[in-house]
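One structure is given below, represented as structure tokens, and several questions about it will come after.
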Amino acid sequence: MINIEKLTKDFGPFRAVDDISFEVKKGEVLGFLGPNGAGKSTTMKMITGFITPTKGDAKICGESILDAPISVKQKIGYLPEGAPAYPDMTPFEFLHFIAEIRGFTGEDANVKVNNAIKKVNLESVIHKPIDNLSKGFKRRVGLAQAILHDPEILIMDEPTDGLDPNQKHEVRELIKQMAKEKAIVVSTHILEEVHAVCSRAIIIAQGKILFDGTPDELSARSSFHNAVNLLLETKDDALAIEAKLNTLSHASSVEHAAAGDNLIRFFVKPKKGVSILNDVNELAASNHWTVKELHVMEGQLDEVFRDITTSSSDAKGVQLT
Amino acid sequence: MNMILAIFKRELRNYFATPVAYVFIVVFLVLTGVFTFYLGGFYERGQADLQPFFNYHPWLYLFLIPAISMRLWAEERKAGTIELLMTLPITTSQAVIAKFLAAWAFTSIALAFTFPIWITVNYLGDPDNLIILTSYFGSLLMAGAFLAVGSCISATTRNQVIAFIIAVVICFGFILSGFPMVLDFFKSWAPQIIVNAVSSLSFLTHFTAIERGVIDLRDLIYFASFIGCWLFANVIVVDMKKAD
Ligand SMILES: Nc1ncnc2c1ncn2[C@@H]1O[C@H](COP(=O)(O)OP(=O)(O)O)[C@@H](O)[C@H]1O
Ligand SMILES: [Mg+2]
């Protein structure tokens, strides 16, 4: 439903978005990841028709944002970064204004506004000026505005930024609920969000796509992927235990970290493509270690993220010099 | 059309959402009173007309209209709501027209509140009410011209104070170009055709013409095309500057 074709945006001599192409289908939730200044917001602004691309095009349900901006904007619900809304209006007035602009009148408008209010739990504040609302409620007003017309395409720029953990959870639940009938793009720099809501992730840095795949593929890139996390209660020397773990034929490397009184945590990374859980388990049993925890790790996303995004800037540095 | 109406209503309500609107109307009325009765010598003239009242309108508008128009776009840009507005299914022209019309409607409301002066002059004497009506009409057209300038300038900046100052300066130019002193200056060296061109650019020239009670097509065309040109520029400026 969303087809991004070679989108590029220059601000003067500076290239903020560099030749980005991707596709989002109905039912997909695309996580748009990247460090600050990566070009996430700029890309979203081009998709939603707020700024014109220097090159390339965004097609929504087959229609180009450049050729048919109005018709495309009707199909999109957009939550801009920071959820801007008119501060002097109440959520009730504001949502009715949005409904009117989107062409709903009379009872139809009331139904749309009420549904949106219910979906994001705004009931308690609908008659207070938006200016006086907390950050969490302001964000919900923005969300309500974006989903009011039940759009096929939903584009949200950092919808959970600055919310407390409960509010984050609510927003993620809401996104998951809506995922089935829509194509959704969510930008974030919070990695846990990827596994929580996204069916696919794209990582961009300095305007370029560096990774495009499922969250599982992303964690598979971690050196901790399938590593065994072992927590032992022991008075023994950590290095001695580490040496024993290293003798396992499937282990590629072992790290340890103190984890409290007589507690030591070990990370045993396996060689590529093999499982090491059983080996570690047997070794622990034969040595009579007191095992407090033993499990296989998914992989550490922040490690992968750092890896992907910093290696690109190194590469760029080399090119420049 | 619905979209224009929706934005128009939101904008107009926005004026009255804060005390600023009421303060503005009071200031407007007090100033018209001062200008008319003290500076204009309304009683001393001993004539039953509203000339002293209308004569000061260009000067009143010079400062009051940019105060109305300064927030139109600068505020949206500052608050970031322009991103919301311009990603709704509306064209830039619709947004520009709706905002302009709302500001114009607000000005008409302020102008309508001057009706006690009209009642006074009818109570005191026997004025030509047709002339008064055309003068009101001319004043409103002139207000539209001021507003179109102000709206366009408001889109160039996020800062309302800057929008105000620049709009005052530009509008001052369009008043001055019809001022006898300025025209005399041009007459001393420039051919008549240039003097006429400068003079015909002025609000004053066209407003005084209408104020005499004659609605000439040329004056209507002047104000209509003046507003049209500035709003056209406004659309271009919004498209250029909205994302900065
Ligand atoms: N209007 C603009 N003018 C100049 N540079 C801009 C503009 N908007 C964004 N940029 C630059 O483009 C880069 C990408 O910004 P942005 O898309 O907001 O990043 P992200 O949302 O990923 O944090 C940044 O370096 C930013 O400074
Ligand atoms: Mg951003």
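Just so it is clear, the structure is predicted and the values come from calculations on it, not from any experiment.
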Legend entry - Whether over 12 other heavy atoms sit under 6.0 Å from A:Lys75 NZ: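 Yes, the 6.0 Å shell around NZ holds more than 12 heavy atoms from other groups.
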Legend entry - Distance in Å, A:Ile70 CD1 paired with B:Gln94 CD, rounded so as to fall on 0.5 Å steps: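 Those atoms lie 6.5 Å apart.
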Inset, instruction - Using a strict 4.0 Å threshold on nitrogen-to-oxygen distance, state whether B:Arg10 and A:Glu93 make a salt bridge. - result: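 Here B:Arg10 does not pair with A:Glu93 in a salt bridge, since their nearest N and O are not under 4.0 Å apart.
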Legend entry - Polar side-chain atom of A:Lys73 near backbone of B:Met86 as donor-acceptor pair, under 3.5 Å: yes
Legend entry - More than 12 heavy atoms from other groups under 6.0 Å of NZ on A:Lys176: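 Counting neighbours around NZ of A:Lys176, more than 12 heavy atoms of other residues, nucleotides or ligands fall under 6.0 Å, so yes.
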Legend entry - Between OG1 on residue B:Thr87 and OH on residue A:Tyr78, distance to nearest 0.5 Å: 6.5 Å
Legend entry - Any side-chain heavy-atom pair of B:Met3 and A:Arg102 under 4.5 Å: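 The answer is no; the side chains never approach within 4.5 Å.
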Legend entry - Nearest non-hydrogen partners of A:Pro84 and B:Ala79, listed with the distance: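 Heavy-atom minimum between the residues: CB-O, 3.9 Å.
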Inset, instruction - Look up atom CG in B:Leu88 and atom CD1 in A:Ile76, then write down how far apart they are to the nearest 0.5 Å. - result: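 One finds 11.5 Å between CG of B:Leu88 and CD1 of A:Ile76.
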Legend entry - Spatial distance of atom CD1 (B:Ile90) from atom CD (A:Gln74) [nearest 0.5 Å]: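 Rounded to the nearest 0.5 Å, the CD1-CD separation comes to 11.5 Å.
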Legend entry - Contact summary for A:Phe50 and B:Ile82, nearest pair of heavy atoms: CE1-O, 3.7 Å
Legend entry - Interchain contact, A:Phe11 with chain B, by part (heavy-atom threshold 4.5 Å): neither
Legend entry - Which portion of B:Glu76 sits near chain A, non-hydrogen atoms under 4.5 angstrom: side chain
Legend entry - Close contacts, residues 237-244 of chain B versus chain A, judged by heavy atoms under 4.5 Å: B:Lys242, B:Ala243
Inset, instruction - Evaluate whether atom CZ of B:Phe16 has more than 12 neighbouring non-hydrogen atoms of other residues, nucleotides or ligands under 6.0 angstrom away. - result: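 Result for CZ/B:Phe16: enclosed.
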Legend entry - Heavy-atom proximity to chain A below 4.5 Å, by part of B:Thr18: neither
Inset, instruction - For B:Ala17 and A:Asp88, work out which heavy atoms get closest and say how close. - result: CB-OD2, 4.3 Å
Inset, instruction - Output the distance between atom OH (A:Tyr86) and atom CZ (B:Arg13), rounded to the nearest 0.5 Å. - result: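 Between atom OH of A:Tyr86 and atom CZ of B:Arg13 there are 12.0 Å.
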Inset, instruction - Can you measure from CG (B:Asn2) to OG1 (A:Thr105) and round to the nearest 0.5 angstrom? - result: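 Rounded to the nearest 0.5 Å, the CG-OG1 separation comes out at 7.5 Å.
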